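All heavy atoms count here, side chains included; hydrogens, waters and symmetry mates do not. Read the numbers this way: they start at 1 and go in the same order the structure lists the ligands and their atoms. Computed from a predicted structure; not experimentally measured.
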Amino acid sequence: MSAPVVIVGAGQAAASFISRHVMLGNSESLLLIGEESHPPYQRPPLSKKYLLGELERERLFIRPLEWYAEQGVETRFDTRIAEIRRVDKQVVTDDGEAIPYDKLILCTGSHARSLPAEIGGTLPGVFTLRSIADIDRMAPEFQAGRKLLIIGGGYIGLEAAAVARQLGLEVTLLEMAERILQRVAATETSSYFRKLHSDHGVDLRESTRMSRLIEAGGMVCGAELDSGEIIDADLVLVGIGGSPNTGLAQAAGLDCKNGICVNETCQTSDPNIFAAGDCSNFYRDGQQIRLESVQNAADQGDLIARVLGGEDISYTAMPWFWSDQYDCKLQIVGLNLGHDHTVVRPGASESSLSVWYYRGDQLLAIDAMNEPKSYAFGRKIIESGKNPDPQIVANPATDLKTLAMSK
Ligand SMILES: Cc1cc2nc3c(=O)[nH]c(=O)nc-3n(C[C@H](O)[C@H](O)[C@H](O)COP(=O)(O)OP(=O)(O)OC[C@H]3O[C@@H](n4cnc5c(N)ncnc54)[C@H](O)[C@@H]3O)c2cc1C
């Protein structure tokens, strides 16, 4: 019997690969290996409805557990792969079992960065947010009246702040950069979310660096800022970004640089090994990038199944992303990397607007806050390669549908 296609990492990219493989009727047998106890699940609700307690665990699963067996997909959860033996075409579990593969798909995702132990990063009461297990540890601590300190003003920190305020916690959020979302968004988008959180009572402090977390009675009890100020906290959430899980690939000698380097078919520097999702680093528009988004993981997993099925295709999918905070839905399409100016289009209400990113005349990306129409028509505009004049976009009288449909 020939060796199976082995998928390491049971997350979004893996689920998408398997779904497409099954749909195409590809003949190779599949073995899915994941270190978590669960079948592949959606992570976005973890910092939204699941943390809020409004979603049951089973609703997170991308496919019910039984589905994999029904499709003839072998699964092994609670199993960590510790090594890839490329010459023998085997992966080795951390208890030493060698498993042969015909093709290997690395879907190992990324992990939440943590703070060093020397500054209190490992104290009880300090959390990161990446998995169901993280939420199960953290959620019981989210009780009204308690003081939550969030380190980092990226999407996960901001979403958790919104949930915590809805549950009645007092929230302080520290961002060491000049503004929240600085790495990923324009000043207008940062300003929108700063106001949203301030209006909901978050004590949001930018250009503020924490020097260490403080302990009392074996638990975290606050943080000291560079200024010497002490902030009290009952619990701390560290949301300072993610790093790709490349350890396996690196040890096996695959090319890695902020992720596992892949070509336009998601193939790594070993032709028998592919990589998809948060762990992969690929070229787009002449730039080497790594994305942490459902779209990227799902589309890359899907693409690999098609490539293994014999299709001659390249990865060109349009990036999109979303975030939910209070009653605001942010939708993003495109990539704003390298933009040199932006234009703001007012929305239909006070709480809605969109930010359009340009490089020269070229429209690159859109952030749409409570503006589903700007997102939908803007997406069509970007996909069709149109580059509307920024002044026309900024004019609320411009009908985006007409703009999107025009030749
Ligand atoms: C809290 C949170 C909120 C998010 N919100 C959004 C959002 O609103 N919109 C959006 O587009 N994206 C969001 N994302 C990002 C999105 O969820 C990820 O980009 C996506 O899950 C990546 O899928 P993946 O398959 O690459 O990795 P993952 O889904 O993380 O799966 C990787 C799996 O591989 C396992 N693994 C790693 N190494 C090994 C090994 N050696 N052996 C076995 N198993 C291993 C890991 O434990 C993990 O289970 C969010 C992420 C988080 C954490």
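With hydrogens and angles left out, the side-chain atoms of Ser243 and Arg113 include a donor and acceptor closer than 3.5 Å. Counting only N and O atoms by type, the side chains of Glu74 and Ser29 include no donor and acceptor under 3.5 Å apart. Between the side chains of Asp95 and Thr93, at least one donor-acceptor pair of N or O atoms lies under 3.5 Å.
Looking at heavy atoms from C-beta onward, His197 lies in side-chain contact with Tyr326 at the 4.5 angstrom threshold. Taking the side chain as every heavy atom from C-beta outward, Phe77 and Pro39 approach each other to under 4.5 Å.
Note: an N/O pair closer than 3.5 Å links Ala13 and ligand 1 by distance alone. Distances between N or O atoms of Arg130 and those of ligand 1 include at least one value under 3.5 Å. Polar contact with ligand 1: absent for Ser323 (N/O pair, distance under 3.5 Å). Looking at ligand 1, you won't find any N or O of Leu46 less than 3.5 Å from one of its N or O atoms. Residue Ile81 has at least one nitrogen or oxygen atom sitting less than 3.5 Å from a nitrogen or oxygen atom of ligand 1, judged on distance alone. Ligand 1 has no nitrogen or oxygen under 3.5 angstrom from a nitrogen or oxygen of Trp320.
For Val8, every heavy-atom contact with ligand 1 shorter than 4.0 Å involves the side chain, none the backbone.
For atom 14 (N) of ligand 1, the closest non-hydrogen atom on the protein side is Pro44 CG, 4.2 Å. Considering only non-hydrogen protein atoms, atom 28 (P) of ligand 1 sits nearest to Arg43 NE, 3.4 Å. Of the protein's heavy atoms, Asp278 OD1, 3.1 Å lies nearest to atom 22 (C) of ligand 1. Looking only at protein heavy atoms, the nearest one to atom 52 (C) of ligand 1 is Ile156 CD1, 3.7 Å. When hydrogens are left out, the protein atom nearest atom 3 (C) of ligand 1 is Ser47 OG, 3.3 Å; that is the closest non-hydrogen contact. Of the protein's heavy atoms, Gly9 CA, 3.1 Å lies nearest to atom 34 (O) of ligand 1. Taking atom 37 (C) of ligand 1 as the reference point, the nearest protein heavy-atom neighbour is Thr108 O, 3.2 Å. Atom 7 (C) of ligand 1 has Trp322 O, 3.4 Å as its closest protein atom, hydrogens excluded (heavy atom only).
Two rings, from Phe17 and Phe274, have their centers 6.0 Å or more apart.
Arg179 has no carboxylate O lying under 4.0 Å from a charged side-chain N of Glu206, or vice versa, which leaves the two without a salt bridge. Looking at Lys147 and Asp232, no side-chain N of the basic residue comes within less than 4.0 Å of a carboxylate O on the acidic one, giving no salt bridge.
Within 6.0 Å of NZ on Lys49 lie no more than 12 heavy atoms contributed by other residues, nucleotides or ligands.
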Would Asp102 and Lys89 satisfy salt bridge (Lys or Arg N to Asp or Glu O under 4.0 Å), going step by step from the backbone distance to the final call? CA-CA 7 Å; Asp102 176 36; Lys89 291 181 74 179; 3.6 Å; yes

From CA spacing to verdict: salt bridge (Lys or Arg N to Asp or Glu O under 4.0 Å), Asp278, Arg130: CA-CA 12 Å; Asp278 286 11; Arg130 177 81 210 166; 3.2 Å; yes

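Taking every non-hydrogen atom of Leu248 and a distance limit under 4.0 Å, the qualifying atoms of ligand 1 come out as 41 (N). Of all atoms in ligand 1, numbered sequentially from 1 with element shown, those under 4.0 Å from a heavy atom of Thr79 are 43 (C). Counting the atoms of ligand 1 from 1 in the order shown, those under 4.0 Å from a heavy atom of Gly277 are 26 (O). Taking every heavy atom of Ser293 and a limit of under 4.0 angstrom, the matching atoms of ligand 1 come to 11 (O), 12 (N), 19 (O). Atoms of ligand 1 found under 4.0 Å from any heavy atom of Glu36, numbered from 1 in the order shown, are 47 (O), 48 (C), 49 (O). Atom numbering of ligand 1 starts at 1 in the shown order; those under 4.0 Å from a heavy atom of Lys48 are 5 (N), 6 (C), 7 (C), 8 (O). Of all atoms in ligand 1, numbered sequentially from 1 with element shown, those under 4.0 Å from a heavy atom of Leu129 are 1 (C), 53 (C).
Tested against Trp356 for a side chain to side chain contact (heavy atoms under 4.5 Å, CB included), the candidates Leu364, Ile381, Thr342, Ile382 yield a single pass: Ile381.
Which of Tyr155, Phe77, Tyr41, Phe321 comes nearest to atom 12 (N) of ligand 1 through a heavy atom is settled by distance: it is Phe321. The option with the heavy atom closest to atom 47 (O) of ligand 1, from among Glu35, Gln12, Gln295, Glu159, is Glu35.
Cation-pi check for Arg43 over Tyr41 is met; the charged atom lies under 6.0 angstrom from the ring centroid and within 45 degrees of its normal.
Scanning both residues, Leu196 and Cys328, for their nearest heavy atoms gives CD2-CB, 3.9 Å.
Residue contacts with ligand 1 do not include Cys279, since none of its heavy atoms lies under 4.0 Å from the ligand.
For Asp340 (side chain) and Gly360 (main-chain N/O), a donor-acceptor pair under 3.5 Å exists by modelled atom type.
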